[in-house]
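Step one of this worksheet: look at the structure below.
Basis for what follows: all heavy atoms, side chains included, without hydrogens, waters or symmetry-related copies. Chain naming here is simple, since letters A, B, ... match the order of the sequence lines and numbering starts at 1 in each.
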Amino acid sequence: MSRYNVRTSEPLWQQRWREARCFEPQEDRARPKYYVLEMFPYPSGKLHVGHVRNYTMGDLVARYRRAQGFNVLHPMGWDAFGLPAENAAIDAKVHPADWTSENIATMRAQLQRMGFGYDWTREIAACDPEYYRHEQKMFLDFLAAGLAYRKESWVNWDPVEHTVLANEQVIEGRGWRSGALVEKRLLSQWFLRITAFSDELLESIGSLDRWPERVRVMQENWIGRSEGAQVTFPIAGSTDAVEVFTTRPDTLYGASFLALSPHHPLTQQMAANDSALREFIAECDRLGTSEAAIEAAEKRGYRTALEAVHPLDPNRRVPVYVANFVLMEYGTGAIFGCPAHDQRDLDFARKYDLPVIPVVLPPDADPATFAVGDTAYVDDGRIFNSDFLDGLSVPDAKRAVGERLEELGRGRRTIAYRLRDWGVSRQRYWGCPIPLIHCAKCGIVPVPEKDLPVELPRDVSFDKPGNPLDRHPTWKNVTCPDCNGPATRETDTLDTFVDSSWYFLRFCSARAPIAFERGAAEYWMPVDQYIGGVEHAVLHLLYSRFFTRALKQCGYLDLEEPFAGLFTQGMVLHQTYQNVDGEWLFPEEVTPGSDGNYIDRLGRPVVTGRNEKMSKSKKNVVGLDEIVDSYGADTARLYLMSDSPPERDLEWTETGIEGAWRYVNRLWRMVSEPTVTLPPVGATVPNSIPPALLDVRRMIHKTIAAVTDDLEKFRFNRAVARIRELTNALEGIPADAPDAGAVLREGLETVTRLIGPIMPHLSEEMWRALGRPTLIAETRWPKADPELARDEQVTIAVQVNGKLRATLDLPRDAAGPAVEEAALALPQVSRMLEGKPPRKIVVVPNRIVNVVA
RNA sequence: GCGGGCGUGGCGGAACUGGCAGACGCACUGGAUUUAGGUUCCAGCGAUGAAAAUCGUGGGGGUUCAAAUCCCCCCGCCCGCACCA
């Protein structure tokens, strides 16, 4: 029995594709383009099967679109800056650049072994000065356009990574990568003005109709638009005033206090000569911002000596508190409290014994008696107790208050966003240097364009904590480009998410002396199909949308949305195993015992745990190289596409990969040792063939149509199932029937072409074995013949009262009365009718007939 | 709390616009081939039942000739956001 020899076959076809330059597209405006992109990987060391699942999907789409005649761009590169390289430098005393390039070499070889059809002539790495020089230019252009700026602010400090993090990179109060509790620090940092596009980024989500709903919702929530009003409360006996944001200006007459954030400038000012307030602020800072801390923390306030004047009634005064629940990051960092109509304000008012003034009257409530107890009234109603607003609806009152505030110069209707500007300074070495110089005389001076790129110095040491650029003797100290006086370089580097915010543009003209050629970008962009993990829903995917707009504003190109289609794939999971001592075991260390349970190498029982994301610490990992060594790339690709829908998590099992391997060999046997002698290439199937062969032929064409539809809709698991069904049917071809060989050839050639995107090496090998001299990679996608796919006979389900009783084989499109007659003639039907005439008969053509007794 | 999604055999999952539930695969059972294991081939595989048949898509109700699919209520799980003013 012949086995498919993956070790010789797979490298051979990879070489053929390379020689034929199959995957190196040129701009060709006469042809429709298709840009397929998978999120480029961080070169962490080795590829894992999760990567491979992602890239197999991309390769599948790319090969399928190529076969359809699209001019397909499918590039690959490396998100090569980042902290693990520095950590490796600290731990293993290797230079981050060397560590990174070694990993790239390893992972590139692994990708090539998988047979992915990338255009390697466009390969890029973010740590290459030829890449980041353009990023530095962009930063300077953003600076000139006011889209980049420096400010001192409270920032998220990751104490493990020793650097600042953007808001998007803090998950539940912890650093997204380190998991360390984030601290607040007041630092001077570089920001990109993503908030300039808040509204546009939110609005355009509506146009992203080929994005998953949940990603769009996550971005909407992250941008967090709220309509409301900004209201000015003057401070009594002072020229100061406090700006407050509210979504409920209609309840302004219900205000009974003002609350400031502990980080509010006015709070800080008061704290200068109020030690009790300083103590209160310190207490607030000690409490974390984690979910648990917030749940546990009671609402607390510090009553200041100040009183604020009600903006609509100069005679009313409300006390000013500093409160632990007011965030400086949202709105204006100050609120007015309306206890009757906000639960949190009510809790606060009860605690500090503040007045509760209802101003929204529930429908059917009596204004004379309505009172708020322990539950704030947050629903709709009529405004009362509110002077000129009395009797208005909530929306009308919002409008009226807004107008009055504007007349008085005490505020205006406005919109607040949750989105903050993107802090991009990182106090780390292995990133793109920010091309600026600090001069005592001239201030911050951009590095002249002719001096770009500002390259990272290679001679750095990691023996002390902190950023080695900060203590580099020659790199840091420079002369000012403006005054030639002594100056220092900016030693912060850019967040690595900046690198990934435009790499998809660089791929369009990867060797251009400028960031990207406008014409090339306008031909290839937007990315037609982007594929990656959902973990980037509000990180990379939001930053890239912003960056594209910022580049447009700076005249780089005319495009808003970089990714027309997005697909977020599920993770690859594996069962976990622990021995009796609770130590984690690798999958290869456990074997199934006789009773269905698992045993370890000492024969001791193994505790099987849940399926979890593969991780080194739990040892539930499978080595890609080992898989490819034993089964080949195609088997792995098939398995990754066949077992679960692509958006869902996939459970990796040893039996599953073996099942895929069996199928690979079965296909190979079918062409290498066909059960029926095949006619030569080009032989046609005669029109008159036995019914059994007609059925097979019909299935061939139905399968082409169905698989095409499945691939269009990212239903790869179903496509595989369909192809397997056809394979089963082909094995059932009666060998003695006349023309069986011709039908078998048509079937095998179809299967060969349909598996092309999934198992490209096997497909080429089968194509050659079938006597075809061409490459599948250069062969058009098969077309289903609707005539041949059409059923001549259909099986109609026969129901009585909605329950299946029998089936009928009838000619297609049989007339209703004929179907009824045939159904009524069935003994299973007449028995149920017990001689009585049916009340009603429903016929759905070619599907079902339902007799209602 | 708010938002998004999901719930189908022992398992992963199919099932078009409401029209034969369980395709395809994994596991398992029996048989053939094999010195044996593996491979390969044949058959079986939702539950109850000897069969006829009945029940069956998280639970309850509804619409319909017909519901996994639509509507209402409830339960459970996953994901995201959250002192958001």
Side-chain angles (χ1 to χ4, degrees), chain A residues 1 3 171-172 212-222 224-226 228-229 231 244-248 251 259 261 287 289 291 293-295 297-299 323-327 329-338 342-345 347-348 416-418 534-535 537-538 592 596 611 638-639 642-645 647-651 653-663 665-666 669 706 709 715 717-728 731 795-808 838-853:
Chain A
M1 191 142 302
R3 278 211 165 191
I171 315 290
E172 292 187 357
E213 173 71 9
R214 65 170 172 154
V215 174
R216 294 190 303 188
V217 168
M218 280 157 82
Q219 291 212 353
E220 276 167 17
N221 291 343
W222 189 261
R225 177 190 151 106
S226 348
V231 186
V244 154
F245 176 74
T246 178
T247 54
R248 295 296 304 271
T251 65
S261 162
L287 279 170
T289 48
E291 190 181 349
I294 288 160
E295 284 293 317
E298 52 176 331
K299 311 291 174 255
N324 63 349
F325 61 85
V326 182
L327 303 173
E329 298 81 50
Y330 188 75
T332 58
I335 61 161
F336 82 79
C338 175
D342 181 281
Q343 190 59 45
R344 194 191 44 209
D345 293 348
D347 296 342
F348 191 82
Y417 295 91
R418 208 184 81 104
V534 74
E535 65 273 16
V538 288
N611 281 300
L638 171 68
Y639 178 55
S642 63
D643 236 38
S644 286
E647 69 280 6
R648 252 187 255 184
D649 289 347
L650 172 99
E651 186 188 331
T653 63
E654 323 308 314
T655 52
I657 188 85
E658 277 166 20
W661 176 229
R662 278 199 294 272
Y663 182 63
N665 283 296
R666 199 170 136 208
R669 271 197 313 276
D709 188 47
R715 297 190 292 222
N717 56 323
R718 288 214 311 196
V720 171
R722 300 273 197 187
I723 298 169
R724 291 182 89 133
E725 269 183 286
L726 177 57
T727 308
N728 293 346
E731 283 188 330
T795 304
I796 292 179
V798 180
Q799 297 181 334
V800 178
N801 292 335
K803 269 201 174 32
L804 182 73
R805 294 296 166 185
T807 57
L808 274 175
R839 285 202 296 148
K840 185 177 177 183
I841 303 179
V842 179
V843 178
V844 180
N846 298 327
R847 274 183 199 267
I848 208 159
V849 51
N850 190 9
V851 179
V852 186

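- Counting to the nearest Å, the P atom of B:A85 and the CD atom of A:Q343 are 15 Å from each other.
- With both ends at atom P, the span from B:A67 to B:G12 equals 27 Å, rounded to whole Å.
- The side chain of A:N717 places an N or O atom within less than 4.0 Å of a non-bridging phosphate oxygen (OP1 or OP2) of B:A14.
- Between A:V851 and A:Q799, every side-chain heavy-atom pair lies at or beyond the 4.5 Å cut-off.
- Listed nucleotides B:G25, B:C20, B:C83 differ in distance to A:L804; the shortest reach to its side chain belongs to B:C20.
- Comparing the same atom, C1', in B:C70 and in B:U64 gives a spacing of 10 Å after rounding to whole Å.
- Counting heavy atoms of neighbouring residues, nucleotides and ligands inside a 6.0 Å radius, atom CZ of A:R214 does not exceed 12 of them.
- Note: CD (A:E658) to P (B:C26) measures 10 Å, nearest angstrom.
- A:Y417 places its OH atom 19 Å from the C1' atom of B:C81, with the value rounded to the nearest Å.
- Side-chain N/O atoms of A:R418 include one lying less than 4.0 angstrom from OP1 or OP2 on B:A82.
- For the C1' atom pair drawn from B:A47 and B:U8, the interatomic distance equals 14 Å after rounding to whole Å.
- Using a 4.0 Å heavy-atom cutoff across all strands shown, A:V326 reaches at least one base atom of the nucleic acid.
- Inter-residue side-chain proximity for A:F325 and A:D347 is flagged as unmet; no heavy-atom pair is nearer than 4.5 Å.
- Ranking B:G25, B:A85, B:G80 by closeness to the A:R724 side chain, first place goes to B:G25.
- Using a 4.5 Å heavy-atom cutoff, the side chains of A:D345 and A:F336 are not in contact.
- Closest to the side chain of A:R214, from the set B:A14, B:G4, B:C26, is B:G4.
- Between B:A82, B:G19, B:C20, one nucleotide has an atom nearer to the side chain of A:W222 than all others, and that is B:A82.
- Backbone-only engagement by A:E725 is indicated by non-hydrogen atom pairs under 4.0 Å involving sugar-phosphate atoms exclusively.
- Rounded to whole angstrom, the span from the CG atom of A:N846 across to the C1' atom of B:C20 amounts to 14 Å.
- Using modelled atom types and a 3.5 Å distance limit, the side chains of A:R666 and A:N728 yield a donor-acceptor pair.
- A:R344 has no side-chain polar atom (N or O) that falls below the 4.0 Å cut-off from OP1 or OP2 of B:G1.
- Contact annotation: A:K803 side-chain N/O to B:C55 OP1/OP2 distance is under 4.0 Å.
- If you check B:U40 for Watson-Crick or wobble pairing at under 3.5 angstrom, you find it paired to B:A32.
- The separation of B:G62 from B:G9, taken at their C1' atoms, amounts to 28 Å, rounded to a whole angstrom.
- Side-chain contact between A:V231 and A:T246 is present, with at least one heavy-atom pair separated by less than 4.5 Å.
- Counting non-hydrogen atoms under 4.0 angstrom, A:T246 reaches the backbone sugars and phosphates but no base.
- The listed nucleotides are B:C84, B:C41, B:G5; the one nearest the side chain of A:R666 is B:C41.
- Nucleotides of RNA chain B nearest to A:N850 and A:R248 differ in position, and the one nearer the 5' end is that of A:N850.
- With contacts defined as side-chain heavy-atom distances shorter than 4.5 Å, the pair A:R216/A:M218 does not qualify.
- Closest to the side chain of A:T795, from the set B:C83, B:C20, B:G5, is B:C20.
- Considering only heavy atoms from C-beta on, A:R344 comes within 4.5 Å of A:I335 through its side chain.
- With a cut-off of 3.5 Å on both pairing distances, the Watson-Crick or G-U wobble partner of B:C24 is B:G12.
- In this structure, of B:U54, B:G19, B:A23, it is B:U54 that holds the atom nearest to the side chain of A:R805.
- Here the side chains of A:L638 and A:W661 are not in contact, with every heavy-atom distance at 4.5 Å or above.
- Atoms OH (A:Y663) and P (B:G12) sit 23 Å apart, rounded to a whole Å.
- Comparing B:C20, B:A14, B:A85 against the side chain of A:P645 picks out B:A14 as the nearest.
- B:G22 and B:G56 have their P atoms separated by 16 Å, given to the nearest Å.
- Under the Watson-Crick and G-U wobble criteria, each requiring two contacts below 3.5 Å, nucleotide B:U69 is left unpaired.
- With a cut-off of 3.5 Å on both Watson-Crick or G-U wobble distances, the partner of B:G7 is given as B:C75.
- The CD-C1' distance, from A:E651 to B:A27, rounds to 12 Å in whole Å.
- As rounded to the nearest Å, B:C20 and B:A14 have C1' atoms that lie 14 Å from one another.
- If you check B:G1 for Watson-Crick or wobble pairing at under 3.5 angstrom, you find it paired to B:C81.
- Nucleic acid contact for A:V852: sugar-phosphate only, since backbone atoms but no base atoms lie under 4.0 Å from a heavy atom of the residue.
- At a threshold of 4.0 angstrom between heavy atoms, the contacts of A:R839 with the nucleic acid are absent.
- Cation-pi geometry between A:R724 and A:Y663 is met: under 6.0 angstrom from the ring centre, within 45 degrees of the axis.
- Considering only side-chain atoms of A:Q799, the nucleotide from B:C20, B:C84, B:U40 that sits closest is B:C20.
- Nucleotides B:A21 and B:G30 are separated by 31 Å at their P atoms, to the nearest Å.
- We find that CZ of A:R722 is positioned 14 Å from C1' of B:G13, with the value rounded to whole Å.
- B:G9: glycosidic angle within 90° of 0, hence syn.
- Using a 4.0 Å cut-off, some side-chain N or O of A:N728 falls inside it from OP1 or OP2 of B:G25.
- Listed candidates were B:G19, B:A14, B:C65. Nearest to the side chain of A:V844 is B:G19.
- Residue A:R648 is classed as a sugar-phosphate contact, given heavy-atom separations below 4.0 Å to backbone atoms only.
- Look at the C1' atom in both B:A68 and B:A23: the space between them is 15 Å, to the nearest Å.
- Both A:A721 and A:K840 lie near RNA chain B, and the one whose nearest nucleotide falls closer to the 5' end is A:A721.
- To the nearest angstrom, C1' of B:G1 lies 17 Å from CZ of A:F325.
- Nucleotide B:A53 forms a pair with B:U48, judged by Watson-Crick or G-U wobble geometry with both contacts under 3.5 Å.
- Looking at heavy-atom distances under 4.0 Å, A:T332 makes no contact with the nucleic acid at all.
- Among the heavy atoms of the strands, none lies under 4.0 Å from A:G224.
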